[in-house]
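Just so it is clear, the structure is predicted and the values come from calculations on it, not from any experiment. Any value given below was found using the heavy atoms of this structure, including those in side chains, with hydrogens, waters and symmetry copies removed.
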Amino acid sequence: MRVLVTGGAGYIGSVVATRLLELGHTVTVLDDLSTGHADAVPPGATFVEGRVHDAAVALAGERFDGAVHLAASSLVAESIANPEKYRLNNVVGTRLLLDTLLASGVPAIVFSSTAAVYGEPETVPIDEDAPTRPVNPYGESKLAVDEMLAAEAATGRIGAVSLRYFNVAGAYAGRGERHDPETHLVPIALQAALGTRAGLVVYGEDYPTPDGTCVRDYIHVADLAEAHLGALASARPGTHRVFNLGNGAGFSVREVLAAVERVTGVTLEVTVAGRRAGDPAVLVASAARARRELGWTPARTSLEQMIADAWGVLRSGSDPR
Ligand code: UDP
């Protein structure tokens with residue numbers, strides 16, 4: 001297949017692009033490098049630097065058999081401070097990308113949605129029938145795109161799949177998390193272990209959880225990439241399907257930090273602060289539908305393995321190529 005990967009210079013997108021190439025597909029990456037890194041784009045992919053808004057011009061004349069759309073603004077706190085940026089980049093940008101894809105007859109799109117569309121869940125594990133009540137503009141923007149894709153699929157012109165990720169960790173083929181600023185727990189803890197960051201802060205120890213810290217469901221980036229491949233192969237015109245992606249196991253912030261200490265052999269400098277705005281106490285996925293309908297079987301479910309893979313890449317500081 002000829003596959004377009006938007007956001008293919010980012011953490012998850014570069015792993016998806018790598019796996020597509022490994023399976024013999026032809027890959028074009030569209031990324032504006034606002035948060036991604038050119039050296040994360042796998043060799044063998046055609047790299048087009050540009051925004052999804054400008055896809056009609058940037059990709060003029062190119063034909064694709066499918067698209068994986070990951071390019072987005074994805075910082076919750078920034079979305080609260082600047083909601084219009086999230087509407088412009090995530091909703092308007094996707095609208096314009098979709099118009100380009102529809103005009104050129106692309107039959108299938110896989111979209112990177114998020115657990116943030118569910119907001120504060122009533123029950124866990126969270127399945128796809130849980131109410132969608134995002135509590136920040138980031139989640140709202142992703143939900144708006146899910147709804148846009150459902151409406152487009154209903155016209156019969158395209159098949160769409162929304163993948164709602166829980167917490168992603170690990171590394172694959174030298175590609176790990178490199179956000180600036182970094183806000184995610186695992187890379188922050190690993191940077192603290194490496195000494196490139198002076199300690200870290202736990203945001204809240206007064207949640208209604210066994211140890212008082214937030215519980216999250218961590219999934220290996222390589223397993224996440226496999227779900228994208230399965231979703232792309234299964235997308236059928238006229239359908240929009242939604243899948244939650246996680247391992248169904250929750251780990252508290254304290255448990256993650258203990259695992260980081262075991263993997264790295266470093267005792268972390270940890271201070272405790274108040275809660276971070278917008279953090280639900282517990283987010284754990286039910287991925288039963290993805291297992292059933294996509295035949296998706298995550299192979300790297302050990303939290304320590306995810307942390308070890310991320311640590312290996314961070315410590316080597318190697319160029320991903
Ligand atoms: N967290 C923390 N300290 C940090 C970063 C994150 O205590 O420096 C907590 C955060 O409050 C949340 C969990 O770790 O409960 C996971 O946060 P992350 O940003 O990695 O992912 P999110 O669940 O927000 O998508």
Side-chain angles (χ1 to χ4, degrees), residues 11-12 15 74-77 114-116 120-121 123-126 165-172 174-224 244-287 298-318:
Y11 170 44
I12 300 166
V15 174
S74 60
L75 296 174
V76 169
T114 171
E120 187 78 51
T123 53
V124 288
I126 303 168
Y165 315 157
F166 283 64
N167 290 59
V168 187
Y172 182 77
R175 287 163 179 81
E177 242 176 311
R178 279 193 284 162
H179 297 122
D180 186 19
E182 188 53 77
T183 62
H184 294 119
L185 179 63
V186 171
I188 283 177
L190 290 176
Q191 287 168 5
L194 191 64
T196 55
R197 171 187 294 270
L200 79 151
V201 175
V202 170
Y203 297 129
E205 264 191 332
D206 58 347
Y207 285 93
T209 59
D211 66 14
T213 64
C214 289
V215 170
R216 295 289 182 271
D217 183 344
Y218 294 84
I219 174 175
H220 196 291
V221 68
D223 285 335
L224 188 64
N244 289 350
L245 297 177
N247 282 310
F251 293 93
S252 73
V253 172
R254 284 288 185 191
E255 287 174 325
V256 171
L257 298 183
V260 166
E261 290 186 336
R262 282 195 299 277
V263 167
T264 63
V266 175
T267 303
L268 297 169
E269 293 277 331
V270 177
T271 51
V272 178
R275 296 182 178 191
R276 192 172 69 175
D279 277 343
V282 180
L283 289 177
V284 176
S286 165
R300 301 163 176 87
T301 55
S302 142
L303 179 64
E304 293 206 2
Q305 185 63 58
M306 296 177 212
I307 291 170
D309 288 354
W311 178 237
V313 168
L314 182 70
R315 208 169 35 159
S316 75
S318 65

### Task
Please examine the side chains of Thr209 and Cys214, heavy atoms only from C-beta on, and report whether any two atoms are closer than 4.5 Å.
no
### Salt-bridge present (Asp211, Arg254; N to O < 4.0 Å)
no
### Task
Count the heavy atoms of every other residue, nucleotide or ligand shown that sit under 6.0 Å from CD of Glu120, and state whether that count exceeds 12.
yes
### Task
Report yes if some heavy atom in the side chain of Asp206 is under 4.5 Å from a heavy atom in the side chain of Arg275; otherwise report no.
yes
#### Entry: Ring-face cation of Arg175 near Tyr11 (centre distance under 6.0 Å, axis angle within 45°)
no
### Query
Rounded to the nearest 0.5 Å, what separation is found between the NE2 atom of His184 and the CD atom of Gln191?
12.0 Å
### Query
CD1/Ile307 to CG/Leu303 distance, rounded to the nearest 0.5 angstrom?
4.0 Å
### Query
Under 4.5 Å between any side-chain heavy atoms of Ile12 and Tyr165, yes or no?
yes
### Query
Tell me, do Leu268 and Val260 make a side-chain contact under 4.5 Å, heavy atoms counted?
yes
### Task
Measure the CZ-CG distance between Arg216 and Leu185 for me, rounded to the nearest 0.5 Å.
9.5 Å
### Query
How long is the span from the OH atom in Tyr218 to the OG atom in Ser302, to the nearest 0.5 Å?
14.0 Å
### Message
I'd like to check Val202 versus Leu257 (side-chain heavy atoms, cut-off strictly below 4.5 Å). Are they in contact?
### Response
yes
### Task
Output all residues satisfying side chain to side chain contact (heavy atoms under 4.5 Å, CB included) with Ile188, sequence neighbours left out; order by chain, then residue number.
Glu182, Arg197, Leu200
### Query
Between the side chains of Gln305 and His220, does any donor sit under 3.5 Å from an acceptor?
no
### Task
For Tyr172, enumerate each residue passing the ring pair (Phe, Tyr, Trp, His ring centres under 6.0 Å) test, keeping only those at least two apart in sequence or located in another chain.
none
### Distance-only polar pair, side chains of Thr301 and Asn247, donor-acceptor under 3.5 Å
no
### Query
Looking at residues at least two apart in the chain, or sitting in another chain, which of them share a salt bridge (Lys or Arg N to Asp or Glu O under 4.0 Å) with Glu304?
Arg262
